[in-house]
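See structure below.
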Amino acid sequence: MTEPATDSAWDPQQYAAFAGHRGRPFVDLMARVDADRPRLVVDLGCGPGELTLGIAQRWPDARIVGVDSSPEMLDRARRLDTGGRVEWVEARAEDWDPMWSGASIDVLVTNATLQWVPSHLRLIPSWVESLAPGGTFAMQVPANFEAPSHRLMREVAARHPRADDLRPGLDRAQAVARPETYAALLLDRVPDVDVWQTTYHHVLTAEPDAAHPVLEWVRGTGLRPVLGVLDGHERDAFVVDYERELEKAYPRRPFGVLFPFTRTFAVARTPR
Ligand SMILES: C[S@@+](CC[C@H](N)C(=O)[O-])C[C@H]1O[C@@H](n2cnc3c(N)ncnc32)[C@H](O)[C@@H]1O
């Protein structure tokens, strides 16, 4: 299955440009997963694979599966995984069957992915029900859709000549719920639930003549619905307008650009 035509393909290199910043929430999420000797661990929306390989190092005896819908991301993951440690599976989260292997999952982690899966509130219950006793579901989604980076993207899109074509993709890419929604959804099924939000204050390097770093950050993720619709002059005009707004919202300072970014985390564990 392919992704909707309105998004540009994932570009692992562009995504990796901020790997250090993007890896931190994953580390914080996994710090709350206290599984001892899991047998089957799934990383749903594994992306380019670095973080999945980190999971494999943490649990050397576990069977590790990375699932992603992007052939480009999986290609990079397979090339990184020189030891063939992880099973890389191309599937959309919407179609993936958590019982595909016949074995219950001990740890199901999904980091920075469910914002791209608008139906995830319907899917989470089946994922939690597929866990082994004492199994863990751990998720993290961005909660920054009202931040200037995304608000300005919508404003620039609204005044662009192709506004009607841009709106559906940008609306779809905001499909995250409030923390209390995730908490209630999980607590209806399991008693051991931990939900929290963190705002990271990323300090991004900003060379005077280089593109604005927040533009480069969202190029790899949130801007994909725009980049998939526009090309040529239309795309250039959008980027120039958007970057001008970003320069005002996130000024370049001697230390770089400060980019606050809020994320929602949820961890749920089934009874033993
Ligand atoms: C922002 S990246 C996160 C990758 C990795 N989890 C990380 O934290 O670096 C989002 C990933 O979700 C994948 N993705 C997007 N929509 C998906 C879907 N419907 N099903 C499965 N994966 C999806 C993308 O291909 C991409 O690799």
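Scope of the values below: all heavy atoms of this structure, side chains included, with no hydrogens, waters or symmetry mates. Read the numbers this way: they start at 1 and go in the same order the structure lists the ligands and their atoms.
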Which of the atoms of ligand 1 are close to [X], meaning less than 4.0 Å from one of its heavy atoms?
X    : answer
M73  : 27 (O)
G47  : 4 (C), 27 (O)
S70  : 25 (O)
L51  : 7 (C), 8 (O), 9 (O)
A112 : 1 (C), 2 (S), 3 (C), 10 (C)
V117 : 18 (C), 19 (N)

Minimum non-hydrogen distance to atom 25 (O) of ligand 1, winning option of V141, D68, N111, V109: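 Among V141, D68, N111, V109, the closest heavy atom to atom 25 (O) of ligand 1 belongs to D68.
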Residue selection (non-hydrogen contact nearest atom 11 (C) of ligand 1) among T113, D43, V67, L74: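 It is T113 whose heavy atom sits nearest to atom 11 (C) of ligand 1.
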Answer yes when [X] and [Y] have at least one side-chain N-carboxylate O distance shorter than 4.0 Å, and no when they do not.
X    : Y    : answer
R224 : E72  : no
D241 : R159 : yes
R167 : D164 : yes
E247 : R244 : no

Min heavy-atom dist W10 to ligand 1 below 4.0 Å: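 Checking ligand 1 against W10, which is what was asked, there is a heavy-atom contact under 4.0 Å.
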Heavy-atom gap A91 to ligand 1 smaller than 4.0 Å: yes
Linked, directly or transitively: L187 and V190 (ILVMFWY side chains, under 4.5 Å):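 Per the 4.5 Å side-chain linkage, L187 and V190 are co-clustered.
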same_hphob_cluster(V33, W196) at 4.5 Å side-chain heavy-atom cutoff: yes
Distance-only N or O hit between ligand 1 and A93, under 3.5 Å: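 Yes; the residue has a nitrogen or oxygen that sits under 3.5 Å from a nitrogen or oxygen of the ligand.
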Polar atom proximity, E94 to ligand 1 (N or O, under 3.5 Å): yes
Test side-chain hydrogen bond (donor to acceptor under 3.5 Å, both in side chains) applied to D231 - qualifying residues, sequence neighbours left out: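 With sequence neighbours excluded, D231 shows a side-chain hydrogen bond (donor to acceptor under 3.5 Å, both in side chains) to no residue whatsoever.
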Distance flag, aromatic centroids of H120 and Y182, threshold under 6.0 Å: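 Between Y182 and H120, the centre distance is under 6.0 Å.
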